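These numbers were taken from a predicted model, which means no experiment stands behind them.
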Amino acid sequence: MSAPGTWRVARLVERRVETPSAQTLVLEVPGWPAHLAGQHVDVRLTAEDGYQAARSYSLASPADGDRIALTVQRVPDGEVSPYLLDTYAEGDPVEVRGPLGGYFVWRPAETAPMLLVAGGSGVVPLMAMIRARRGAGSRTPFRLIYSIRTPADVFYAAELRRRARDDQGLDVAYVYTRQAPDGWRGPPHRIGLVDVNNHGWPPDLEPLCYVCGPTGFVETVADLLVGLGHQTRRVRTERFGPTG
């Protein structure tokens with residue numbers, strides 16, 4: 001079996017629209033090793049003149065044989081995301097390398113309560129954990145706090161509604177920063193102490209806290225969690241920037 005650092009040829013087999021600016025791409029990767037929820041891959045494109053561009057993307061789903069799922073959000077003036085969203089066609093090749101990362105992961109054997117806090121597209125690796133929980137038949141209690149600009153920007157909207165209803169032990173709460181849906185209680189706002197305190201776990205339950213999103217968001221939420229009494233070693237963070 002090839003090492004995680006080996007580049008493999010992947011081909012598109014399915015495309016799903018998530019939002020006006022994001023799509024999930026399902027890739028067939030022969031010889032793909034099993035991966036953990038929370039890991040990521042590098043994707044590399046090579047132009048006819050030999051120019052190469054690579055970007056990292058979180059895996060959106062648990063292992064499924066030789067298939068992996070990536071959710072890609074368009075980055076204005078990006079090199080890779082516009083190609084993947086607009087030009088990349090079924091059967092076309094790209095190169096992928098992974099799975100990568102071993103810190104920001106969840107294993108089904110873990111029984112501590114889970115608090116997942118996502119900012120925008122930072123929900124992708126956290127959704128992989130939610131899906132892995134269901135796939136493993138885990139009873140570990142999960143809570144997701146999802147901060148997003150508007151209802152139209154929610155990734156996996158229909159699936160999250162279904163899972164919040166059907167997956168026992170999963171709670172989902174939203175924070176809207178620019179526009180809230182009709183009938184929503186309270187004005188749009190950035191995530192704050194009240195949101196984390198009301199929708200998270202009390203620190204005496206010693207939950208594992210996973211926070212993913214833009215750097216400023218992650219730092220704010222991590223500080224709030226520690227300020228509420230959560231142990232620093234139980235707060236795991238993953239930051240991302242606008243590379244496309």
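Using a cutoff of 4.0 Å between basic side-chain nitrogens and carboxylate oxygens, Asp166 and Arg134 are not scored as salt-bridged.
Using a 4.5 Å cut-off on side-chain heavy atoms (C-beta onward), Thr71 and Ser121 make no contact. Inter-residue side-chain proximity for Asp42 and Ser56 is flagged as met; some heavy-atom pair is nearer than 4.5 Å. At least one side-chain heavy atom of Phe104 sits less than 4.5 Å from a side-chain heavy atom of Met129. A 4.5 Å side-chain heavy-atom check between Arg234 and Cys209 finds every atom pair outside the cut-off.
One hydrophobic cluster holds both Val41 and Val72 under the rule that ILVMFWY side chains link at heavy-atom gaps under 4.5 Å. Using a 4.5 Å cut-off between side-chain heavy atoms of Ile, Leu, Val, Met, Phe, Trp and Tyr, with links allowed through other members, Leu84 and Val13 fall into different hydrophobic clusters. Hydrophobic cluster membership is shared by Leu70 and Val94, with clusters built from Ile, Leu, Val, Met, Phe, Trp and Tyr side chains linked at under 4.5 angstrom. With hydrophobic clusters built from ILVMFWY side chains whose heavy atoms lie under 4.5 angstrom apart, Leu225 shares a cluster with Val175. In the hydrophobic cluster analysis, where Ile, Leu, Val, Met, Phe, Trp and Tyr join through side-chain heavy atoms closer than 4.5 angstrom, Val26 is grouped apart from Val96.
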Apply side chain to side chain donor-acceptor pair (under 3.5 Å) to the pair Thr150 and Asp153, showing each step before the final yes or no.
CA-CA 5 Å; Thr150 75; Asp153 296 310; 2.8 Å; yes

Does the side-chain contact (heavy atoms from CB on, under 4.5 Å) test come out yes or no for Glu110 and Thr140, once each step is laid out?
CA-CA 8 Å; Glu110 180 60 63; Thr140 298; 5.7 Å; no

Could you walk me through whether Val196 and Val117 satisfy the side-chain contact (heavy atoms from CB on, under 4.5 Å) test, starting with their C-alpha distance in whole Å, then the side-chain angles of each, then the deciding distance to 0.1 Å, before giving a yes or no?
CA-CA 9 Å; Val196 176; Val117 188; 5.5 Å; no

List the steps and the verdict of side-chain contact (heavy atoms from CB on, under 4.5 Å) for Tyr57 and Val124.
CA-CA 9 Å; Tyr57 292 101; Val124 176; over 6 Å; no

Glu79 vs Tyr51, test: side chain to side chain donor-acceptor pair (under 3.5 Å). Steps then yes/no.
CA-CA 11 Å; Glu79 289 186 304; Tyr51 174 77; 2.7 Å; yes

Give the C-alpha distance, both sets of side-chain angles, the deciding distance and a yes or no for side-chain contact (heavy atoms from CB on, under 4.5 Å) between Val43 and Arg55.
CA-CA 5 Å; Val43 175; Arg55 299 290 185 271; 5.6 Å; no

Given the rule in the salt bridge (charged side-chain N to carboxylate O under 4.0 Å, His left out) test, do Arg97 and Glu95 qualify, once you have shown the distances and angles that lead to the verdict?
CA-CA 7 Å; Arg97 178 172 61 184; Glu95 292 179 285; over 6 Å; no

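Note that NE2 of His35 and OG of Ser61 are 7.0 Å apart. Values are rounded to the nearest 0.5 Å. With rounding to the nearest 0.5 Å, the separation of CG in Leu160 from OH in Tyr146 is 7.5 Å. The structure places CG of Leu126 at 11.5 Å from CZ of Arg131, a figure rounded to the nearest 0.5 Å. Atom CG of Leu59 sits about 7.0 Å away from atom CD of Gln39, to the nearest 0.5 Å. Within the model, atoms CD of Glu159 and CE of Met127 stand 3.5 Å from one another, a figure rounded to the nearest 0.5 Å. We find the OH-CZ distance between Tyr88 and Arg15 to be 8.5 Å, quoted to the nearest 0.5 Å.
Atom CZ of Arg162 has more than 12 heavy atoms from other residues, nucleotides or ligands within 6.0 Å. More than 12 heavy-atom neighbours from other residues, nucleotides or ligands sit within 6.0 angstrom of CD on Gln52. Annotation for Asp49: atom CG counts as buried by contact number, over 12 foreign heavy atoms lying within 6.0 Å.
Relative to the ring axis of Trp106, Arg133 does not place its NZ or CZ within 45° and under 6.0 Å from the centre. In this structure, Arg163 forms no cation-pi arrangement with Tyr156, as its terminal cationic atom is not both closer than 6.0 Å to the ring centre and no more than 45° off the ring axis.
Contact between Phe155 and Thr19 at its shortest, heavy atoms only, is CD1-CG2, 3.6 Å. When every heavy atom of Pro20 is checked against every heavy atom of Ala152, the shortest pair comes out as CD-O, 3.7 Å. Contact record, Phe217 with Gly119: CE2-N, 3.3 Å, taken as the closest heavy-atom pair. Across Leu228 and Pro203, no two heavy atoms sit closer than the pair O-CG, 3.3 Å. Among all heavy-atom pairs drawn from Glu238 and Ser58, the shortest one is OE2-OG, 3.9 Å. Here the shortest heavy-atom pairing between Pro108 and Ala136 reads CB-CB, 3.7 Å.
Listed for the Arg149 side chain is no donor-acceptor partner under 3.5 Å among the backbone atoms of Arg178. The closest donor-acceptor contact from the side chain of Tyr210 to the backbone of Val105 lies under 3.5 Å. With hydrogens and angles ignored, the 3.5 Å screen pairs no side-chain donor or acceptor of Asp223 with any backbone N or O of Thr220.
Between Tyr176 and Tyr174, the angle of the ring planes stays under 30°, which puts this pair in the parallel group of the 30/60° scheme.
There is a side-chain donor-acceptor pair under 3.5 Å between Arg239 and Thr237.
The side chain to side chain contact (heavy atoms under 4.5 Å, CB included) with Pro207 is formed by just one residue from the set Gln231, His230, Met114; it is His230.
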